[in-house]
Amino acid sequence: METSLGVDIISRDPRIYAMVIISREGNRFLPVLKESGSRLKLLKLIKKYSPIYMGIDSTEEFSRHDLEKLSKHVSIVQVTGKFDDFTSLPVLAKRHRISLNPKNPFDEAYALSRLPFEGIGYKLKMYEDETEILVSSGRSLGRGGYSQGRYQRRTFALIKYKVREIEKELTNEGFNFDISVVEREGGFSKGIFKVYSNFENILIKSSRGDIRIDVRPLKKSSIEYEPLVKRVEGFNIKDKYVIVGVDPGTTVGLSVLDLEGNALTIISKRSFSMSDVKEEIRKYGYPLIFASDVHPPSGFIEKLSTSFDSILYVPPLSIPVREKNELSKDYEVSNAHERDALSAALKAYLHYKNKFTQIKSKIPPELSHYSSRIIGEVIKGMPIKDAFDKIKEDMKEKEDEIILEQKNPEEIIQEQLKTIENFKEKQNALRKDFEKLQLESIDLKKKLQEKETTIISLERKLFDILGSQKKEALKENVIKTKNFEITSLRKTVDILKSKVNMLTEENKRLKELKPLMESEDILIGKVLTIFSIDGIKNLTKNQDLTEGDIVYLKDATGGGAEAAKMLSDIKIKAVLITGKISHQAQEELIDVEIPIIDSKDIKMELISKFVILDRKSFDLVYKKEKELLLTSKKQKESNKLIKIIEDYREQRKTDYKA
């Protein structure tokens with residue numbers, strides 16, 4: 001089942017397209033999809049349905065970048081033709097009996113999907129029939145350590161292996177190509193293939209890794225249009241045969257000679273693509289012979305020769321520089337590329353010169369105008385008699401066409417008189433129509449004046465109505481603003497009420513705490529909600545935390561050595577914790593003999609910013625923890641002293657042995 005996609009633009013900003021996909025089964029066309037979307041969606045649809053064609057109305061509806069990207073996946077056809085062969089879409093649709101509403105993008109998209117199946121339109125050619133394959137290192141080979149040289153040699157060897165592998169694959173597939181490499185110790189640092197084929201035909205794909213392969217299609221300088229149905233060229237396309245010498249490379253040298261050996265052009269250009277070379281050759285005639293100055297010839301020349309079905313002349317040995325200079329001495333050449341191309345063409349001409357002269361001598365006078373064509377046909381293998389007969393047939397066909405086109409003068413006069421009569425009738429009809437239109441115009445002017453008077457009256461009424469509506473609208477806006485302010489204030493009042501309730505409750509609990517503070521059976525500690533430097537600063541700001549206080553760390557996990565140091569500087573009595581405390585904070589507090597007590601070991605109760613402790617249980621645990629701290633400290637000091645004595649003894653033994 002073959003499918004075709006039609007695309008028409010709906011809007012330019014943002015770019016949205018109408019997309020219709022149809023399938024063809026015999027003479028029937030069935031709808032597959034009808035959607036709208038962006039360029040990204042268009043690309044996804046193309047990848048999903050793989051249509052043969054993508055019909056468009058105009059290249060102006062897409063950017064050059066988008067067309068290049070899409071053309072890698074589908075053949076893009078400008079259905080309406082090109083600038084010198086344009087037919088509007090409605091006309092084409094009517095011609096092929098396709099229903100079309102020009103104002104409906106989906107109707108146009110449907111027509112654009114159908115017409116390529118009828119062979120209508122021009123296929124866009126975005127890329128040359130040339131592809132560059134670059135093989136290089138996928139990683140930097142810059143400065144490195146001792147093993148850098150070994151790594152470079154290994155990489156160069158891998159590049160050489162990959163270049164040879166690609167060369168073998170291209171040869172087996174029958175591609176014409178040229179190759180250039182940069183040799184380094186152990187292999188190649190870079191290999192460049194110039195393959196004379198469209199990138200779609202090449203199976204080698206770009207890849208990344210230790211070795212990088214880039215497959216780059218060569219873009220055309222401008223979009224070319226190729227008719228879907230090939231046009232038949234006139235019989236005289238080969239009336240002028242030429243000999244072409246080519247020196248391929250980054251700078252291409254080109255020389256064109258006629259069959260008399262006269263130089264028609266000698267030029268050279270940098271980045272001269274194959275299609276540009278073909279276009280340049282066609283200015284001077286049809287190539288009978290392509291000539292190379294080297295043996296074996298370049299793939300570039302072989303591809304050119306094949307595309308024109310021309311003879312390829314290759315010298316038995318590459319032409320020496322001395323011979324090239326001798327051949328080109330009577331011509332003006334600007335550089336070595338032009339000299340090489342010219343010498344190749346002249347060498348080919350000298351090789352065939354005697355044959356050209358021999359054939360020309362046998363051409364009768366009435367066919368001398370076609371001598372170039374006859375020589376070309378005979379050189380390519382046609383018997384000379386057949387060449388004469390073919391020319392005569394073509395000449396007879398042309399004469400018959402001229403005779404058919406000629407008519408009797410009386411018939412022509414009669415046709416002209418009929419045409420004049422038709423024009424007169426049309427002129428009279430147009431005059432009557434003009435008079436009728438003048439009367440209608442006067443009537444319409446009167447009606448227009450009446451309408452204008454009515455409009456002025458209605459505008460005044462509308463102005464009065466709008467004035468009253470504006471006042472009402474302003475009043476409503478003021479009411480809405482005030483309502484919003486009232487709602488906002490009510491929310492603020494609710495928040496403040498909840499704060500007041502919370503503070504009242506807290507005040508109540510503090511009043512209950514006052515008699516307890518006078519009791520000797522309890523101790524009151526301070527609550528540090530977050531164990532951090534900012535938390536300690538906030539607690540000490542209003543002198544809520546002073547020397548000798550007991551501090552309860554509600555969350556001891558966040559504090560470090562600095563936070564613990566701040567507590568030790570205040571000279572608090574003890575720290576109560578729930579859970580774990582960081583090792584750094586623990587070390588800091590132990591060093592200044594501040595006990596760390598687990599809140600589970602003491603009876604306690606939280607009230608607001610305070611913690612109520614049972615004095616008896618606290619004193620018992622505090623005393624125990626304090627003694628443990630002192631014992632631990634003494635043990636550390638004792639161990640330190642023993643270590644100093646042992647180090648001293650070891651030093652004495654070493655000195656004695658010495």
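Worth knowing before you read on, the calculation uses all heavy atoms, side chains too, and leaves out hydrogens, waters and symmetry mates. Position 1 is the first residue of the sequence, and the numbers go up from there.
Relative to the six-membered ring of Tyr127, Lys219 misses at least one condition, a distance below 6.0 Å or an angle of at most 45° to the axis.
The CG atom of Leu342 lies 12.0 Å from the OG atom of Ser268; values are rounded to the nearest 0.5 Å.
Remark: Asp293 engages Lys324 in a salt bridge, criterion side-chain N to carboxylate O under 4.0 Å. Between Arg24 and Glu2, at least one side-chain N (NZ, or NE/NH1/NH2) sits under 4.0 Å from a carboxylate O, which counts as a salt bridge. Comment: Arg208 engages Asp214 in a salt bridge, judged by a side-chain N to carboxylate O separation of less than 4.0 angstrom. Contact check on Arg12 versus Glu61 returns no salt bridge, with no Lys/Arg side-chain nitrogen under 4.0 Å from an Asp/Glu carboxylate oxygen. The residues Glu68 and Lys72 are annotated as not salt-bridged, no charged nitrogen and carboxylate oxygen being separated by less than 4.0 angstrom.
Of the residues listed (Leu170, Ile204, Val181, Ile202), the one engaging Phe193 in a side-chain contact (heavy atoms from CB on, under 4.5 Å) is Leu170, and it is the only one.
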Item to complete: For salt bridge (charged side-chain N to carboxylate O under 4.0 Å, His left out), just list the numbers for Glu167 and Arg164, CA-CA rounded to whole Å, side-chain angles, deciding distance to a tenth of an Å, and then say yes or no.
Response: CA-CA 5 Å; Glu167 183 180 16; Arg164 295 305 180 211; 3.0 Å; yes
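Under the 3.5 Å distance criterion, the side-chain polar atoms of Ser292 are left unmatched by any main-chain donor or acceptor of Val314.
Separation of the Phe290 and Tyr313 ring centroids does not fall under the 6.0 Å cut-off. Between Phe300 and Tyr196, the distance from one ring center to the other falls under 6.0 angstrom.
Asp340 and Ser343 share no donor-acceptor pair across their side chains, judged by distance under 3.5 Å alone.
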